[in-house]
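Notes for the one structure printed next.
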Amino acid sequence: MTSTLVFTDMDGTLLDHHTYSFDAAKPALNALEQKQIPVIPTTSKTFAEMKVLRDQIGLNGPFIIENGAAVYIPHGFFKQKPAGTVWVDGYWCKAFISSKNYWLKLLDKVSKEFKDEFTQFSAMDIEDIQEATGLDAKSAMLASQRQFGEPVLWKGTNERKQAFIKAISDRGATPLEGGRFVHVSGNSDKGQALAWLVAEYQRQNVQKVNAIALGDGKNDIAMLEAADTAVRILSPVNPPPEVKKEEVYTSTLPGPQGWNEMLTQLLSL
Ligand SMILES: [Mg+2]
């Protein structure tokens, strides 16, 4: 027997890039629910954001947060406690990197060298974060509750930013540059988290797993490569990510339309 697990990115994949709507994916979502195929959000979003969003979508299985930093598994999804997990906020949690406190201490160590050249999420109030990110108050509040990393808002020159990136990399961080922010965190990715959950599923269910992954961006590459079936969802803003795999599917429609299109085809829903 083969069990199918669907791992999916959120923004631009299950959620429309512009409107964040998942309406167009509802036929496939309903069919997957009927077939008891888990849909596992695999996202850069935080635990706080995902708790709200999975209720809205109507998902009740595991989910992967902060770009693969941790997997959260609801009680009852597995018969036994998943290996290497701890009980957090009503879920079994498997973390792959150090929690935020570790990265805050690391930032503290370099702060003298880069005095007044950066600020960081934990030092900003919700209005500051809103101004820097363009998020509304509620979204900014949820986005600020990061557990496994700390976004740094760079205020100095680009040259000094590169020096800062080197300084924290030398101390063991894996910083990610994105626009005005440098995300300071450890070395995790969505692919590692997918592989762990698939292995645990096989360990507890003695079935072969067919892992299907869907994504639209660069931070989905590791997940797409780790899956049995890789599906790139057409993006209105960036070209399909380069995936090193013999067979890669690409949707003809964008976002949730493409999500619905591809899963309907692949799983004959
Ligand atoms: Mg995306």
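Computation of the quantities below employed the complete heavy-atom set of this structure, encompassing side-chain atoms and omitting hydrogens, waters and symmetry-equivalent molecules. Quick caveat, the model's predicted, so the values are computed rather than measured. Just follow the structure's listing: the first ligand is 1, and inside any ligand the first atom is 1. All residue numbers refer to positions in the sequence shown, counting from 1.
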Phe63 and Tyr91 aromatic ring geometry - parallel, tilted or perpendicular at 30°/60° bounds = perpendicular
Measure up the Phe164 and Phe114 rings against each other and bin them: parallel (under 30°), tilted (30 to 60°), perpendicular (over 60°).
-> perpendicular
Which value, rounded to the nearest 0.5 Å, describes the distance between Ile57 atom CD1 and Met50 atom CE?
-> 5.5 Å
Enumerate the protein N/O/S atoms at a distance below 2.8 Å from the Mg ion (ligand 1), ignoring waters.
-> Asp9 OD2, Asp11 O, Asp216 OD1
Answer yes or no on whether Lys81 is positioned over the face of Phe78, meaning its NZ or CZ is under 6.0 Å from the six-membered ring centre and within 45° of the axis.
-> no
Would you please test Asp216 and Thr13 for side chain to side chain donor-acceptor pair (under 3.5 Å) and show each step?
-> CA-CA 6 Å; Asp216 73 316; Thr13 299; 3.2 Å; yes
Sole candidate of Thr4, Thr2, Leu197, Val198 that passes side chain to side chain contact (heavy atoms under 4.5 Å, CB included) when paired with Val209 | Val198
